[in-house]
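What you are looking at is a predicted structure, and each value in this text was computed from that prediction instead of being measured. Lettering of chains follows the sequences in order, A, B, ..., and the numbering in each one begins at 1.
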Amino acid sequence: MEPITEIRSRTAVLPLDDVDTDQIIPARFLRTTVREGLGENLFADWRYNSDGEKVANFVLNQPEAQGAQILVAGRNFGCGSSREHAPWALLDYGFRAVVSTEIADIFRNNSLKNGFLPVVVDSGIHGWLLENPGVELTLDVESRSLSLPDGRVTEFPLESFSRYCLLNGVDQLGFLLNHAGDISRFESRAGI
Amino acid sequence: MSAKSLFEKVWDRHIVVPETDETPAILYIDLHLVHEVTSPQAFSLLRDAGLKVRRPDLTLSTMDHSTPTIPVGSLQELKVVSEPAAFQQIQQMERNCEDFGLELRGMDSDERGIVHVIGPELGATQPGKTIVCGDSHTSTHGALGALAFGIGTTEVAHVLATQCLLQRKPRTFAVNLEGTLAAGVTAKDIILAIIGEIGVDGGTGHAIEYRGSAVASLSIEERMTICNMAIEGGARTGMFAPDDATYEYLAGRPLAPQGADWDAALSRWQTLPGDDDARFDKEVSINVSALRPMVTFGTNPGMVIPVDDVIPSPAGSDPGFAKALDYMALEPGRPLAGTPVDVVFIGSCTNSRMSDLRAAARVMAGRQVADGVRMLVVPGSARVKREAEAEGLPEVFEAAGAQWREPGCSMCLAMNGDFVPAGKLAVSTSNRNFEGRQGKGARTVLASPLTAAASAVNGKISDPRPLIG
Ligand code: SF4
């Protein structure tokens, strides 16, 4: 994983609560054995109509949202299935972070393992972001802070180990493998 | 020593390296369930890194999501009935298991089935175990007192390679179930009512423990239905303390301990129930005696009402609520019962076990699926299928005009060719009514097997109670 210290981008706003992983990437696109290429079908059923044409008023199809790397979404983003295809699809499309008031557990975990930044802010900041699509934000991993264009800065929670891994591009599997001795000792102690 | 909950006991017994401010705990995993959809990229990761599976003996593999539910006799036939990508995924799973030395309960195995159905029925799911799977409904296994939760594919690779996970301890949430269920009201109605109460994010960051006076009267299969949907309330997992019903359920199952090992296991399991004075970060109580059959009306499982209530109006303007009702083509203030039904699906890891099929058959016996309704009954596993056949259940379904299928996830997530057509309304015993979950444009109403069967017979969303008299 590449180290990530800062994400600076305009936002795209999807102002819906409880956006589930079936919306982020519908199940029929999970018949894949690789991670790449999922971006094309990110939010497929909202983005394309039944003839495969783009739905004009869906945010990702609007000219202003092109190139935005930060998605601002409603509460409880990423609920539902454990499919890691959801952050893979967001990343493959070009998003690097999501900002919400609440992010579902498994989605958050999966995101952090892929360098996709889940950012939780209070409802005041969130409400402002929903009302001001396209503003430029800076997300700083080191200081766990989000800066608004008007100078306001707010901190967001980021578990310390995940932060360390993001900043240093650390592969968590490598970290676990370094504990092989502890794992073996646990197994013999527990008789497993 | 301070009082501990069931969750805390199981958690503490699996700590390889304790958590600190800087690092999460390293948690040992006793059982890793693997299926074809969320594992291919994990196996690739191992291959690229030149790693082996650390404990093939603690890994249980099967295929369920993309497999067809019409009988296939050969690989050639499988290729014909499957979409190319699904077929490739099935083949890849076979290759991965072979390359990494994993026993696969594959297409030709009589132990194949939905991963959350076969774990318990094989006796692999046991009290006090830590169990994970690249699948959010892994919480199902908590019915037997296991700490079981869903993980992503990167974590699947972590467990394959190290049998461990990096985890921060979740908070705890007691859901107290008091009273006894009325006739026609089921475990599915309990969990739908819980989600209605706490909301689809009410459990976020928490591990649920179900407690209270109603627990003793719930069968293990009913507990599975309730644990299965803990994730729909946002929780990482749900669990029930093991009791005599648990031990009775497990005794004699193929992968359960036998003989002296059983006795040793039993004395270990009996220490698991939480202490009476264990404290929880959050608590809620539900009087199950007052429950009625529940049905969803929106596009998440929290949008749920008793079947004889009217669809609520949102408090204030809620674009999500309006969008959901628009998608469902339903209106606030109107009854949901009576809405015409196109498809009825009995199946999924929530409700595809013997007790579920028996409940549906009880309603269907001597009755007909209404004209214009397509009803699909999909057993959760090859074993459930055999048992149902031995009991004559398929005859009941088929005589009523329903289709009896091969085991698998099927229409629950519609990636194997079984799906609900766009715009059609399905009453489904599965766990997710998300937009498009059962097929692009499909409208899903979640319900119990009784309610689903009653709706099939009447051709409209129906209260099952009049039919089970
Ligand atoms: S039955 Fe449905 S919810 Fe259960 S494992 Fe299969 S797809 Fe997932």
Side-chain angles (χ1 to χ4, degrees), chain A residues 15-23 26-35 44-46 50 74-76 79-88 102-114 159-162 164 171-177 179-180 182-183 185-187 190 192, chain B residues 13 16-17 21-24 26 28 30 37-38 40-41 44-45 49 51 54 58 65-66 83 85-86 88-89 92 134-136 138 150-155 157-158 161-164 166 168 170 200-201 204-205 231 234 236 300 302 319-320 323 413-415 422 432 434-437 440-441:
Chain A
L16 289 170
D17 290 348
D18 306 315
V19 172
D20 59 75
T21 51
D22 275 83
Q23 306 319 315
R28 60 186 185 281
F29 303 114
L30 308 188
R31 289 176 285 215
T32 174
T33 52
V34 296
R35 297 163 186 245
D45 291 346
W46 288 341
S50 44
R75 187 177 120 166
N76 196 27
C79 61
S81 117
S82 64
R83 61 189 70 164
E84 199 158 319
H85 309 69
W88 293 340
E102 186 177 341
I103 294 173
D105 287 335
I106 308 181
F107 176 82
R108 172 208 299 269
N109 254 324
N110 286 340
S111 295
L112 288 166
K113 298 223 166 31
N114 289 277
E159 191 266 320
S160 46
F161 184 69
S162 299
Y164 169 81
D171 169 20
Q172 300 193 3
L173 178 55
F175 179 87
L176 276 170
L177 287 166
H179 283 276
D182 292 316
I183 299 171
R185 275 189 292 280
F186 179 90
E187 285 171 330
I192 309 170
Chain B
R13 288 178 196 186
V16 176
V17 178
D21 286 347
E22 285 76 41
T23 51
I26 298 182
Y28 197 80
D30 294 318
V37 177
T38 54
Q41 297 86 347
S44 302
L45 217 146
L51 294 166
R54 183 181 175 96
L58 303 182
H65 284 64
S66 24
E83 295 206 13
Q88 203 229 326
Q89 202 166 52
Q92 183 68 46
D135 196 288
S136 58
T138 308
I151 56 178
T153 297
T154 300
E155 291 178 316
H158 292 179
T162 69
Q163 204 59 31
C164 286
L166 287 160
R168 289 280 178 195
V200 288
D201 56 357
T204 303
I231 179 75
R236 288 304 306 272
N300 72 51
K323 185 175 188 294
L413 91 166
M415 64 179 289
R432 289 193 172 134
F434 297 154
E435 278 185 36
R437 168 79 177 185
K440 186 169 169 155

Pair B:E435, A:W46: side-chain N/O donor-acceptor within cut-off below 3.5 Å: yes

Residue pair A:N109, B:E155: steps toward the side chain to side chain contact (heavy atoms under 4.5 Å, CB included) verdict: CA-CA 9 Å; A:N109 254 324; B:E155 291 178 316; 4.2 Å; yes

With a cut-off of 6.0 Å (strictly less than), are more than 12 heavy atoms of other residues, nucleotides or ligands near CZ of B:R54? yes

Mark yes or no for whether A:S160, through its side chain, and B:D21, through its backbone, hold a donor-acceptor pair below 3.5 Å. yes

Taking all non-hydrogen atoms of both residues into account, name the closest pair between B:F434 and A:Q23 and its distance. CB-NE2, 3.8 Å

Quick check on A:L177 against chain B: is it the side chain, the backbone, both or neither that has a heavy atom closer than 4.5 Å? both

Supply the atom-to-atom distance B:L413 CG to A:S81 OG, rounded to the nearest 0.5 angstrom. 8.0 Å

Nearest heavy-atom neighbours spanning B:A161 and A:L173: CB-CD1, 3.9 Å

Heavy-atom closest pair (B:S136 atom, A:S82 atom, distance to 0.1 Å) is N-OG, 3.4 Å

If you measure only the distance, is there a donor-acceptor pair under 3.5 Å linking the side chains of B:T154 and A:E84? yes

With side chains defined as the heavy atoms from C-beta onward, is the minimum distance between A:D105 and B:T204 less than 4.5 Å? yes

Considering only heavy atoms and a distance below 4.5 Å, find which of B:H65, B:Q92, B:R236 pairs most often with chain A. B:R236

So which heavy atom on A:D18 is nearest to which on B:V200, and how close? OD1-CG2, 3.3 Å

Main-chain N/O of B:Q89 paired with A:R31 side-chain donor or acceptor, under 3.5 Å: no

